[in-house]
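Quick note: residue numbers are just sequence positions, from 1.
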Amino acid sequence: MSGVAVLRAAVLARLRGDPAVAAHRVVEGAGARAAAVPFVVLRDVAATDWGTKDRDGREVRVSLAVRDEGESGARAEAIGAAVEASLLAMPRTLSGWRVVTVVPVRAALLHEGGQRWAALVDVRCRMLEEL
C-alpha cells in the first residue's frame, strides 16, 4: 500500500480512537457535511518525494478542520488542539512504513461569519518505507 494511503488510514484511526477527538464526528473530504457540530474533517493529505537512494519516502502534509458554531471559537480551538496533540502522538510504525517525524505546521482559528468557526490544523509527516 502507498505511504499516503497508509498514513491517511492511520490518521483516521488515530482520531476516531482518541477519546478527546472521537466524541466529535470525524469525516473525510473538504466538502463533507455533518448534521451536528462540532465535527472534524480530514481535508487534504498531500505528499511529495522524501526518498533516499535505497528507500521510498514521502513528506506528507495532513490538513484538518474542526467545524463548529457558537458565540466564540473557543470550543473549536480546544478540539483543534486535541487533534494536533493526537497526531503528534501517532505511532511511528505503520504498515510497511516508518514515520520519522511529525511536526505541527499550522494552527489557526477562523471566524466564518455569523456563529460559524473553523479551527485549522496542519501537520507534516516524514516517512520512509521499511526495508
TODO: Apply the test side-chain contact (heavy atoms from CB on, under 4.5 Å) to residues Leu15 and Val83: give CA-CA distance (whole Å), side-chain angles for both, the deciding distance (0.1 Å), then the verdict.
DONE: CA-CA 7 Å; Leu15 295 177; Val83 166; 4.1 Å; yes
Open item on the list: As a quick check of understanding, evaluate side-chain contact (heavy atoms from CB on, under 4.5 Å) for Asp44 and Arg61, giving each step before the final call.
Closed with: CA-CA 8 Å; Asp44 298 308; Arg61 186 162 173 161; over 6 Å; no
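- Connectivity analysis of hydrophobic side chains (ILVMFWY, heavy atoms under 4.5 Å, direct or indirect) links Leu110 to Leu120.
- With sequence neighbours excluded, no residue forms a side-chain hydrogen bond (donor to acceptor under 3.5 Å, both in side chains) with Thr48.
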- [ ] Could you walk me through whether Val21 and Arg14 pass the side-chain contact (heavy atoms from CB on, under 4.5 Å) test, one step at a time?
- [x] CA-CA 9 Å; Val21 179; Arg14 177 76 187 173; over 6 Å; no
Open item on the list: Is there a side-chain contact (heavy atoms from CB on, under 4.5 Å) between Val45 and Val11? Walk through the geometry before answering.
Closed with: CA-CA 10 Å; Val45 179; Val11 165; over 6 Å; no
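- For Arg16 (side chain) and Val26 (main-chain N/O), a donor-acceptor pair under 3.5 Å exists by modelled atom type.
- Both Val102 and Val4 sit in one connected hydrophobic cluster of ILVMFWY residues. Membership requires side-chain heavy atoms under 4.5 Å apart, directly or through other members.
- Considering OG1 of Thr93 and CD of Glu130, their distance stands at 6.0 Å, rounded to 0.5 Å.
- Residues Val37 and Glu69 approach most closely at CG2-N, 3.9 Å, considering heavy atoms.
- Smallest separation of non-hydrogen atoms from Val100 and Trp50: CG2-CZ3, 4.0 Å.
- Closest of all the heavy-atom pairs between Pro104 and Leu88 is CD-CD2, 3.7 Å.
- Listed here is the closest heavy atom pair of Gly73 and Leu109: O-CD1, 3.7 Å.
- In terms of heavy atoms, Val60 sits closest to Ala47 at CG2-CB, 4.0 Å.
- The salt bridge (charged side-chain N to carboxylate O under 4.0 Å, His left out) with Asp68 is formed by just one residue from the set Arg25, Arg116, Arg75; it is Arg75.
- The shortest non-hydrogen separation linking Leu131 to Asp54 is CD2-O, 3.8 Å.
- Salt bridge annotation for Asp122-Arg124: absent, with no cationic side-chain nitrogen under 4.0 angstrom from a carboxylate oxygen.
- To the nearest 0.5 Å, atom CE of residue Met127 and atom CZ of residue Arg58 are 9.0 Å apart.
- Put simply, the side chain of Trp117 gets close to the backbone of Gly70: a donor and an acceptor are under 3.5 Å apart.
- Leu12 is connected to Leu87 through a chain of hydrophobic side-chain contacts under 4.5 Å among Ile, Leu, Val, Met, Phe, Trp and Tyr, so both are in one cluster.
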